[in-house]
Amino acid sequence: MTDYPFATEVITEVDLKSRVVELGQAISNDYLDRSPLFVVVLTGSVLFAADLVRNVAADSEVDFLGLNRYGEGGRIGIAMDLAAPVFDRNVIIVEDIGDTGLTLKVLRRMMTDRGAASVSTAARFDKTRRRVTDVPIEYRGFEVGDEFLVGYGLDWQGVYRNLRSIWAVMDIEAFVRDPKVLSKQLHSG
Ligand code: IMP
Ligand code: MG
């Protein structure tokens with residue numbers, strides 16, 4: 001795995017691929033007799049969702065939800081709502097990463113309030129140690145540490161979502177000074 005003073009590759013493309021197959025199998029087993037509606041949280045989760053649904057052997061539908069955060073408490077609002085109702089549907093929320101857990105908590109309540117028949121969550125990564133609220137993640141890709149991660153959907157100031165593997169930021173100052181410090185290395189020559 002590649003190493004720079006400011007960032008280290010921590011999860012390879014190969015490991016990401018094999019884990020998503022396992023998650024897809026688990027969902028296929030649990031949803032044999034109910035068609036899941038995947039509620040994909042924009043933007044970072046799009047890559048995970050695309051890989052996940054292709055590994056699920058059950059009639060599936062996919063819909064998208066955009067969130068924004070405002071105010072000091074980081075209140076969560078809807079920037080773009082789902083196209084279809086979730087009433088009576090078996091919803092699987094698809095998130096890129098569970099951090100404090102607040103986003104997932106709000107989303108689960110939103111789906112329940114709208115009358116979903118069931119709600120579960122798939123998250124590509126889980127920063128369990130940073131959780132401030134108790135919220136279940138039924139399908140968890142990788143448990144990760146506290147480091148800020150980029151790649152495979154995860155961004156720093158909009159950059160790095162397209163990387164095929166996951167990198168941990170080792171020197172946050174370097175990324176603050178120059179958000180493209182890593183991409184300059186990766187995409188040069
Ligand atoms: P939560 O409400 O604190 O759980 O926030 C989760 C959201 O924070 C994710 O959907 C990401 O957009 C963002 N996030 C948390 N940790 C990271 C990270 O390490 N890299 C990039 N984005 C992150
Ligand atoms: Mg982000």
Side-chain angles (χ1 to χ4, degrees), residues 1 4 6-13 15-16 19-20 23 38-52 62-82 91-113 119-183 186:
M1 279 192 256
Y4 298 110
F6 43 82
T8 307
E9 193 180 22
V10 286
I11 306 176
T12 63
E13 186 181 3
D15 289 342
L16 287 168
R19 184 69 185 124
V20 81
L23 292 177
F38 290 94
V39 169
V40 182
V41 185
L42 297 172
T43 300
S45 314
V46 167
L47 285 83
F48 174 38
D51 286 344
L52 184 64
V62 181
D63 206 343
F64 298 92
L65 185 68
L67 301 178
N68 53 26
R69 262 161 236 257
Y70 45 90
E72 284 190 358
R75 246 181 69 83
I76 294 163
I78 297 177
M80 192 198 93
D81 208 343
L82 298 166
V91 169
I92 302 179
I93 298 166
V94 182
E95 250 289 38
D96 48 7
I97 187 162
D99 188 13
T100 62
L102 293 170
T103 307
L104 286 176
K105 189 144 209 172
V106 168
L107 285 172
R108 284 185 88 104
R109 191 176 311 132
M110 196 186 292
M111 296 302 120
T112 308
D113 288 349
V119 184
S120 67
T121 297
R124 193 50 153 141
F125 309 102
D126 188 6
K127 290 183 170 174
T128 26
R129 292 205 298 264
R130 284 177 46 87
R131 196 79 85 250
V132 300
T133 180
D134 201 24
V135 65
I137 296 181
E138 287 82 357
Y139 309 99
R140 177 200 327 255
F142 295 85
E143 202 172 318
V144 294
D146 300 349
E147 301 91 359
F148 194 84
L149 304 176
V150 296
Y152 194 85
L154 297 172
D155 72 302
W156 169 258
Q157 302 196 7
V159 192
Y160 304 115
R161 293 198 201 276
N162 60 318
L163 300 187
R164 291 170 176 270
S165 59
I166 290 290
W167 293 72
V169 170
M170 308 309 282
D171 179 358
I172 196 83
E173 303 283 311
F175 281 76
V176 170
R177 274 196 304 274
D178 179 6
K180 296 188 176 166
V181 61
L182 175 59
S183 67
L186 297 176

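First listed ligand is number 1; within each ligand, the first listed atom is number 1. A quick note: this is a predicted structure, and the numbers were derived from the prediction, not measured.
- Taking any N or O of L149, backbone or side chain, at least one lies under 3.5 Å from an N or O belonging to ligand 1.
- At least one heavy atom of G101 lies less than 4.0 angstrom from ligand 1.
- For the residue pair I97 and K127, the shortest heavy atom distance occurs at CD1-CE, 3.8 Å.
- Heavy atoms of E95 found under 4.0 angstrom from ligand 1 belong exclusively to the side chain.
- Every residue meeting the ring-ring contact (aromatic ring centres under 6.0 Å, His included) condition with F6, not counting sequence neighbours, appears here in chain and number order: Y4.
- Residue contact annotation: K127 has a non-hydrogen atom under 4.0 Å from ligand 1.
- Around atom 14 (N) of ligand 1, the closest heavy atom drawn from I76, I97, I166, L42 belongs to I97.
- In this structure, the ring of W167 has its center no less than 6.0 angstrom from the ring center of Y160.
- Legend: residues meeting side chain to side chain contact (heavy atoms under 4.5 Å, CB included) with D134, ordered by chain and number and at least two apart, are absent.
- With a 4.0 Å heavy-atom cut-off, ligand 1 is reached by no atom of V41.
- Note on R108 versus E95: no salt bridge recorded, every NZ/NE/NH1/NH2 to OD/OE distance being 4.0 Å or above.
- By heavy-atom distance, the residue among Y160, F148, W167 lying nearest atom 21 (C) of ligand 1 is F148.
- Not a single N or O atom of D155, backbone or side chain, sits closer than 3.5 Å to an N or O atom of ligand 1.
- You'll find the side chain of I76 stays beyond 4.5 Å of the side chain of K105, heavy atoms only.
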